[in-house]
Amino acid sequence: MYSSLIEKLEHTEVIRWFPNHQVQESWITEIEQELGFPLPPSYRWWLLNYGIAMLSGTGILTISPPEHREYADTDILYRYRLADEDAKKEGKLELFVPDEDEYYYFDTRTADHLGEYKVMRLDYSLMGNLKYTRILLPNFWRS
């Protein structure tokens, strides 16, 4: 299902992934229980097969080992715990935060028949005007 993505990852300069840093299934289950909703299947696949990666020098959010989760800025649950209540009500689960002016998130209100969420971009750099952009990916990684 993700064979074309695997091939792309072998030949890209934009995404740097780190072998042997996959997450454990039990960590995913624990995260989903606290979140109250499932992670999308494509992101689960990514976590179980790759886990940690940098996109243009910035870490894609992952799941840290439970003993480090309370202080790991790259942990998706840690970031969710810090989110304000309005963001949670709006279904925002941060995925990638390249800088202080923008972030990409799963819109957890938009699950399709496969359980995938739309990936959205929020941009604060427009002089006080927020801009939302839907990223045209059928799932977490276009394969």
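Just so you know, these numbers use all the heavy atoms, side chains as well, and skip hydrogens, waters and symmetry mates.
- Nearest approach of Leu61 to Asp73, heavy atoms of both residues: CD2-O, 3.6 Å.
- For the pair Lys89 and Arg109, the tightest heavy-atom approach, listed with the atom from each and the gap, is O-CD, 4.2 Å.
- With rounding to the nearest 0.5 angstrom, the CG atom of Leu93 is 7.0 Å from the OG1 atom of Thr108.
- Between Asp107 and Tyr117, the closest heavy-atom pair is O-CB, 3.5 Å.
- Taking a 6.0 Å sphere around CD of Glu67, one finds it holds more than 12 heavy atoms contributed by other residues, nucleotides or ligands.
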For this session: Go through the steps to decide whether Lys92 and Tyr103 satisfy the test side chain to side chain contact (heavy atoms under 4.5 Å, CB included), and finish with yes or no.
Result: CA-CA 10 Å; Lys92 295 177 183 169; Tyr103 68 88; 3.4 Å; yes
For this session: Starting from the C-alpha separation in whole Å, work towards a yes-or-no answer on side chain to side chain contact (heavy atoms under 4.5 Å, CB included) for Leu77 and Ile63.
Result: CA-CA 7 Å; Leu77 182 60; Ile63 295 176; over 6 Å; no
Report, one line per pair, each donor and acceptor closer than 3.5 Å where one atom sits in a side chain of residues 28-36; sequence neighbours left out.
| from | atom 1 | to | atom 2 | distance (Å) |
| --- | --- | --- | --- | --- |
| Thr29 | OG1 | Glu25 | O | 3.2 |
| Glu30 | OE2 | Arg69 | NH1 | 2.7 |
| Glu32 | OE1 | Arg44 | NH2 | 3.2 |
| Glu32 | OE2 | Leu39 | N | 2.8 |
| Glu32 | OE2 | Arg44 | NE | 2.9 |
| Glu34 | OE1 | Arg81 | NH2 | 2.7 |
| Glu34 | OE2 | Arg81 | NE | 2.8 |
| Glu34 | OE2 | Arg81 | NH2 | 3.4 |

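- Closest non-hydrogen pair, Leu114 versus Pro41, comes out as O-CG, 3.2 Å.
- Residues Leu122 and Tyr105 share a closest heavy-atom pair of CB-CE2, 4.2 Å.
- With rounding to the nearest 0.5 angstrom, the CZ atom of Phe106 is 13.0 Å from the CE atom of Met120.
- Identified under the ring-ring contact (aromatic ring centres under 6.0 Å, His included) test for residues 49-71, with sequence neighbours left out: Trp17-Tyr50, Trp45-Tyr50, Trp46-Tyr50, His68-Tyr71.
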Problem set entry | Evaluation steps, salt bridge (charged side-chain N to carboxylate O under 4.0 Å, His left out), between Lys88 and Asp86 | CA-CA 5 Å; Lys88 292 176 183 177; Asp86 288 339; over 6 Å; no
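- Rounded to the nearest 0.5 angstrom, Asp112 CG and Lys118 NZ are separated by 9.5 Å.
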Exercise. Taking it one step at a time, do Val97 and Thr58 satisfy side chain to side chain contact (heavy atoms under 4.5 Å, CB included)?
Worked result: CA-CA 8 Å; Val97 185; Thr58 302; 5.8 Å; no
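- For residues 80-102, the ring-ring contact (aromatic ring centres under 6.0 Å, His included) pairs, not counting sequence neighbours, are Phe96-Tyr104.
- The line from CG of Asp123 to CD of Glu102 is 5.5 Å long, rounded to the nearest 0.5 Å.
- With contacts defined as side-chain heavy-atom distances shorter than 4.5 Å, the pair Ser64/Tyr78 does not qualify.
- To the nearest 0.5 Å, the span separating CD1 on Ile60 from CD1 on Ile52 amounts to 11.0 Å.
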